[in-house]
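Positions are given from 1, in the same order as the sequence printed here. In listed order, ligands and their atoms are each counted from 1.
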Amino acid sequence: MQLPAGKTLGGLNRGANLNRAAPLRPASMRSRAAPVLAMAKPSINAAATAAAPPTAASETDLILKKLRYDFGKLTPETPRDAYNGAAFALRERLIDQMEATHEYWRKADPKFTYYLSAEFLMGRSMMNTVLNLGLQGEYAKALNEMGFKMEQVAEAERDAALGNGGLGRLAACFLDSMATLDLPGWGYGIRYKYGMFKQLVDRSTGYQNEVPDIWLTDGNPWEVKRNDVRHKVCFGGKVEKKDGKSVWIPAEEVWAVAYDNPVPGFRTPTCANLRLWDAQPLEEFDLGAFNAGEYDKAMLARERADAISAVLYPNDATPEGKELRLKQQYFFVTAALQDVLARFKAMHGTSNWDLLPEKASFQLNDTHPTMAMAELTRLLVDVEGLSWEQGVKLTSQCLNYTNHTVMPEALEKWPVKVLAKMLPRNLEIIEIIDEGWQKWLKEQGKSDEEIKRMAIIHPNQWNPDEMLVNMAYLAVVCANRINGVAAIHSEIVKDELFNDFYKVFPSKFQNKTNGVTPRRWLNFCNPELSALITEKLGSDNWVNNLEELTKLRAFATDKGFQEKWQQVKRQKKIQLAGLIKQMFGDDVNLDSLFDVQIKRIHEYKRQHLNVFSIIHRYKELKAMSPEQRKQAVPRVCIFGGKAASSYDIAKRIVRLINQVGNKLNSDPDTKDLLRVYFIPDYNVSLAEKMIPGAELSQHISTAGTEASGTSNMKFQMNGSLILGTWDGATIEIAEETGVDEVFIFGVRAHQIHELRKTRKDLKTDPRWDAIMEDIKGGMFGDAEYFKPLVDSVHDMNIGNDWFLLANDFADYMRAQGEVDAVYKDQSEWTRRSIMYTAGSGKFSSDRTVREYAEDVWNMKPCRPQ
Ligand code: 26W
């Protein structure tokens, strides 16, 4: 790298000489930078970034320069312009930090962890980047001088919605914590061209409609295309035996091209990476076919490749079972594994494979990346030439599996015939693994019945001639460690879901209770409450040491502090009311209890139990005298959540909530006491707006069905009380906050099996029956349409109501009554609200990720100096 004559790196301060106007690095230098992430070379970043910290002036220059040369705009006219300028300016900061981090890690050669996930629900990046880099002052000033408010500019950004719900968002929170904890870690996933569909709700009919999420139209400033980082991905064909070795001759090949998304940590120089793969054809265009007039054939390779990374499957609990889904899963898994092995070989050569588990640990985010179990073995044995034994050993030392659901219908099983066609060699490897596994079980003295129950490849219970590969069993047999995502869930995983396997190797099983990043979910989305907490605790150390919040307990009954706490909550309620005004044109009563249930629509999450209780509350209010109504606690009930496009009952639940809202919100007798709003297109950035304004959040899944839940943690952090069942992480939230502080109801998980089997002592309730009659009677219109919904929950005795809504109804109404009673005592409510936030320390994803690093990945932080 040539510097101007007589100048040494140290001498140059960024402000003066390094302003972006005068590009420091000549073009050729820039291209040479790319290999750093593939294979490192000495570079200047560390020194450069170590120079003068950014100033409002330097960022203004940079923003205007980006606008001018990347967008041909001299000054920003719209928030979109300002966003483009700011985003591309920050992009340069991010790339510098990422390069410097990876150069440092290249030298330090620490152990890395790789988070393999089919989903990363990142949301927006600008505010997160500005705040994690500690540049809010500079950027707020720079943008204000251009006539824009930071919040206004942030609204111009599209959400990166590359996920369905909990699983995808957890992956995003984990990346933030890994970077903030200086843990060398990367995410690997798919760069979907179309993310989670946009949900439109027809206000008058209440129907959900889906439209594609075309999020990349205006480019994506938060990614760096790595044209030179690509791996070949093969499909189909056949396997031939050549001198005793299996040789796969594929029928189709595509490129997996890397796009890097820098992941900056909070207040650390560490900037990790999320590498997303895009499918590209080997041949862009078949000119021969074109000249022969076969136009479709000319484009075929392009279309087939595009299809692989085109769209996210919008189901979050029932596998579509489509071949393209399996193609997507194998595509990103093999690209990730090839990428990691290439870097390992560059660093450690090809005769040091036993070192691999010391240098790389992989976390499989549910079963979606489970093909990694066969693929890593294939790459090590077929490509790198290791022995089968060594290949399988290394695989089982490197790969770990997290289970996120016990719902039987969510567990992926791929037909053997589909695998035989698409991935013949991988199927062969799975068959050999299963054979060895069953043989080993036999040697362990397991009965044939037990061995049959633990077979990885087994008949389809609904059509025995079809053989299926059970992806969860493959993961459990091959993984080094297996974990659930909350204490109760991990017990169910051991005692029920994988009990046979647990009895074989109990030491593999662990619990890792989920967490959420307190940066995005408290510090950034609720600056008002954050400022109050920082003021009370004397520093904002809590942002990455969340356990410090316990100190707030001492002030829970402090009148002065309570007042300030109430003011902040009031401010956030006003903002949420503003959102309702903007969307529905309605002014809501700010003295109402803001009651929020936001999550994917699913029968086990029981949004319909919530709306049934609202129908009863409405009827009670209608039956009251105006006098009595004065005693009632006014409520604004807010829902949000997408129903998978093919999930019929879930769509009927969405419509019922909207129809109930349309009726109640316009009823003169009750509209000041009870409102219902279904906020459409619920996503990460909407959650950031809604959660701080909530006073009560509902997590009312049938006990034993919600693996953990993570929105419950976000609400807790923001001082929103919880009405919920004894399920998932809500149990641990109650334990941390104080069980009496939480409104708990409903049957317990261990009682359910018996209840469903015997159907004895099932509770009924005349209020419940009346509600069912009202709906069937057309009180909310279209009785016909809602009949299947009513039938699905009415009358357990005929096998309906699998999720026990009727059984839990009375106790739910009891808890609802308690909520109203406590809300009438605002100082008691505020005391509890403070206790929730104070008890949320455990639910930082920093704690969760630290536990994974210690107990699963066995790795240490490595902070770039
Ligand atoms: C194959 C279709 C499919 C897609 C996604 C099946 C299952 C899933 C996910 C496992 C569903 C999911 O998001 N599970 C949620 O994961 C969260 C993070 O651990 C938990 O907090 C939620 O309780 C769990 O439902």
Do any nitrogen or oxygen atoms of [X] lie less than 3.5 angstrom from nitrogen or oxygen atoms of ligand 1?
| X | answer |
| --- | --- |
| Glu412 | no |
| Ser708 | yes |
| Thr405 | no |

Given the side-chain rings of [X] and [Y], with only the six-membered ring counted for Trp, is the space between their centroids under 6.0 Å?
| X | Y | answer |
| --- | --- | --- |
| Phe362 | Tyr188 | no |
| Phe745 | Phe743 | no |
| Tyr812 | Phe612 | no |

Close-contact set for ligand 1 against [X] heavy atoms, below 4.0 Å:
| X | result |
| --- | --- |
| Glu706 | 22 (C), 23 (O), 24 (C), 25 (O) |
| Tyr604 | 25 (O) |
| Ala707 | 23 (O) |

Asp500/Arg453 salt bridge by N-O under 4.0 Å criterion: yes
Partner set under ring-ring contact (aromatic ring centres under 6.0 Å, His included) for Phe715, not counting sequence neighbours: His699
Given that the side chain starts at C-beta and the backbone is N, CA, C, O, which of these parts of [X] lies under 4.0 Å from ligand 1, counting heavy atoms, or is it both or neither?
| X | answer |
| --- | --- |
| Arg325 | side chain |
| Asn164 | neither |
| Leu167 | both |
| His368 | side chain |

Lys NZ or Arg CZ of Lys322 over Tyr313 ring: under 6.0 Å, within 45°: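 Not flagged: Lys322 not positioned over aromatic ring of Tyr313.
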Six-ring centre of Tyr259, Arg191 cation under 6.0 angstrom, axis tolerance 45°: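 Yes, Arg191 sits over the ring of Tyr259.
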Exam field: side chain Lys714 to backbone Val516, donor-acceptor pair closer than 3.5 Å: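 Answer holds: no.
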Of [options], which has the heavy atom at the shortest distance from [atom]?
| atom | options | value |
| --- | --- | --- |
| atom 18 (C) of ligand 1 | Val485, Asn315, Asn514 | Asn514 |
| atom 10 (C) of ligand 1 | Met407, His404, Arg600 | His404 |
| atom 7 (C) of ligand 1 | Asp316, Val406, Thr710 | Asp316 |

Residue-ligand contact Gly709/ligand 1, heavy atom below 4.0 Å: yes
Pair Glu412, Thr367: side-chain N/O donor-acceptor within cut-off below 3.5 Å: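 Side-chain D/A pair, Glu412 to Thr367: present.
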